[in-house]
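Read through the structure below, which is laid out as structure tokens, and then see the notes.
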Amino acid sequence: MSDTTFLPFTRPTIDEDTIAQVSAVLRSGWLSSGPKVLAFEAAISEYCGGRTVRAFNSGTATLEVALRLAGVGKGDEVITTPLTWVATANVILEVGATPVLVDIDPVSRNMDLGKAEAAVTPKTKAIIPVDLAGMPVNRDRLYEIAHQHKLRVVEDAAQSFGASWNGKRIGAGGDFVSFSFHANKNLTTGEGGALVLPEDADPALCERLRLQGVRRFADGGMDVDVLGGKFNLTDIAATIGLGQLKHIEEFTERRRQLARRYLTTLDAALGLGLPLADFGNGNWHMFQILLPSQVDRGQFIAEMKHKNIGVGVHYPALHLFSLYRPFGYRPGDFPHAEDVGARTVTLPLFPAMVDTDVDRVCSAVATVLRTMKK
Ligand SMILES: *Cc1c(COP(=O)(O)O)cnc(C)c1O
């Protein structure tokens, strides 16, 4: 893309075949949950080593239903990270439990598992690790802690579809694993999600929690024995997902190439904080740099936009949001999350980018930072 074309920080890649398949669904007369959702669930299950999978209309709904299936509710504590999309913590409130936040490890920018273990109390019921930017939390250590303290795990793998831990795909192992297929995620259905269920979870209950708690009988009657949500995926969305799944390995590989190019091209003299260079596990959902602390982030974003480059922020530390302050959190509670949350910016990274787009971003970052320092 030339300098005069706006380069967004992300953009989905949808092929013509997918567009044709979506058109066919639109003509079929069946738009809501139907055969395409079943096919999508089967395809995601196969991708995740044959585990049980149910599709949802968001990665927030998957998290909430996972907590309900894990029996998390009033009086329970759930440990998670302050450096995530706020959905991760909101679902804990949604089920009536108490979020217990712990600081991040500044290198991986994921939850510090030592601090998570230290935060376990007799009330702790579950832990929600988040694979920020698609960099997986250490699964070996995570499940060691979960087993030792008898905690349920709901993996917020919203950003890590296509990533792996020590050669095993995220989703192919573990307790509950929650994926999001929001438009910005590595695999998208527009909006959507999928929940991988552990052996002890009841898929029929999962389906009732997904749709109004309804249980149907052969004679046309029905019963409702649990309060379910309205979380079902449409066949339109599932069809997009089926088309995306064919490309996920190639998408991930391209993201890795682009991330490598960023790491070799960005000028070291600018004093930026760089992401962990883990190419075996991470899926490079985002490429995030930390600006030098004296740099005004708002001005940086505006200057980049002036150069036709979109820059995102993922995320300010959530314990300082108004909704979370009543839990007693204050500035300084989680210094690493606050520091990263204040300095982070997400540079453009998506599979359809060409190498020269990366070069253009790197030179714009250098120019903007040099002029701002004066
Ligand atoms: C996107 C995301 C979610 C929520 O997914 P939606 O599909 O937008 O509801 C949850 N957690 C994290 C870390 C995310 O990035």
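All heavy atoms count here, side chains included; hydrogens, waters and symmetry mates do not. On a predicted model such as this, the values are computed, not experimentally measured, just so you know. Ligands are counted one by one from 1 in listed order, and the atoms in each one are counted from 1 as well.
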- [ ] Report yes or no: is the cationic atom of Arg210 (NZ for Lys, CZ for Arg) closer than 6.0 Å to the six-membered ring centre of Phe56, at no more than 45° off its axis?
- [x] yes
Open item on the list: Check contact between His285 and ligand 1, using heavy atoms of the residue and a distance below 4.0 angstrom.
Closed with: no
Task: Pairing residues for Glu199 by the side chain to side chain contact (heavy atoms under 4.5 Å, CB included) criterion, not counting sequence neighbours - done: none
Open item on the list: Quick check for you: to the nearest 0.5 Å, what is the distance between His147 atom NE2 and His149 atom NE2?
Closed with: 12.0 Å
- [ ] Kindly identify the option in Ala158, Gly193, Ala157, Gly192 whose heavy atom sits closest to atom 14 (C) of ligand 1.
- [x] Ala158
TODO: Any chance you could measure Phe287, atom CZ, to Leu347, atom CG, to the nearest 0.5 Å?
DONE: 6.5 Å
Task: Identity and separation of the nearest protein heavy atom to atom 15 (O) of ligand 1 - done: Gln159 NE2, 2.8 Å
Task: Residue Ser58 vicinity, atoms of ligand 1 by number, heavy atom under 4.0 Å - done: 7 (O), 9 (O)
Task: atom 3 (C) of ligand 1: the protein heavy-atom neighbour that sits closest, reported with distance to 0.1 Å - done: Trp85 CD1, 3.6 Å
Task: Six-ring centre of Phe350, Arg255 cation under 6.0 angstrom, axis tolerance 45° - done: no
Open item on the list: Considering non-hydrogen atoms of the protein only, which is the closest contact for atom 11 (N) of ligand 1, and what is the distance?
Closed with: Asp156 OD2, 2.7 Å
TODO: Output the list of atoms in ligand 1 that are nearer than 4.0 Å to some heavy atom of Gly59, sorted by atom number.
DONE: 4 (C), 5 (O), 6 (P), 7 (O), 9 (O)
- [ ] Indicate if Leu263 and Met286 have the same hydrophobic cluster label, given that clusters are the connected sets of ILVMFWY residues with side-chain heavy-atom separations under 4.5 angstrom.
- [x] no
TODO: If you have a sec, work out which protein heavy atom is nearest atom 4 (C) of ligand 1 and how many Å separate them, to one decimal?
DONE: Thr60 OG1, 3.6 Å
TODO: Pull out every atom of ligand 1 sitting under 4.0 Å from any heavy atom of Val130, numbered as shown with elements.
DONE: 13 (C)
- [ ] Kindly state whether the ring of Tyr329 and the ring of Tyr324 have centres lying under 6.0 angstrom apart.
- [x] no
Task: Closest approach of any protein heavy atom to atom 5 (O) of ligand 1, naming residue and atom - done: Ser180 OG, 3.2 Å
Open item on the list: Taking only non-hydrogen atoms of Tyr315, do any sit less than 4.0 angstrom from ligand 1?
Closed with: yes
Task: Heavy-atom pair of closest approach, residues Asn281 and Asp278 - done: N-OD1, 2.9 Å
Task: Protein contact of atom 1 (C) of ligand 1 - nearest heavy atom, named by residue and atom, plus distance - done: Lys185 NZ, 1.6 Å
- [ ] State if Ala61 counts as touching ligand 1 under the rule of any non-hydrogen atom under 4.0 Å.
- [x] no
- [ ] Starting at CZ of Arg208, measure out to CZ of Arg68 and round the result to the nearest 0.5 Å.
- [x] 14.0 Å
Open item on the list: Under 4.0 Å, heavy-atom basis, I'd like to know which part of Thr84 is in contact with ligand 1: side chain, backbone, both or neither.
Closed with: side chain
- [ ] Check each atom of ligand 1 against the heavy atoms of Thr88 and keep those under 4.0 Å away; list them by number with element.
- [x] 11 (N)
Result block: side-chain N/O donor-acceptor pairs under 3.5 angstrom for residues 311-321, not counting sequence neighbours:
residue, atom, partner, partner atom, Å
His314, ND1, Thr346, OG1, 2.7
Tyr315, OH, Gln159, NE2, 2.9
His319, NE2, Glu338, OE2, 2.7

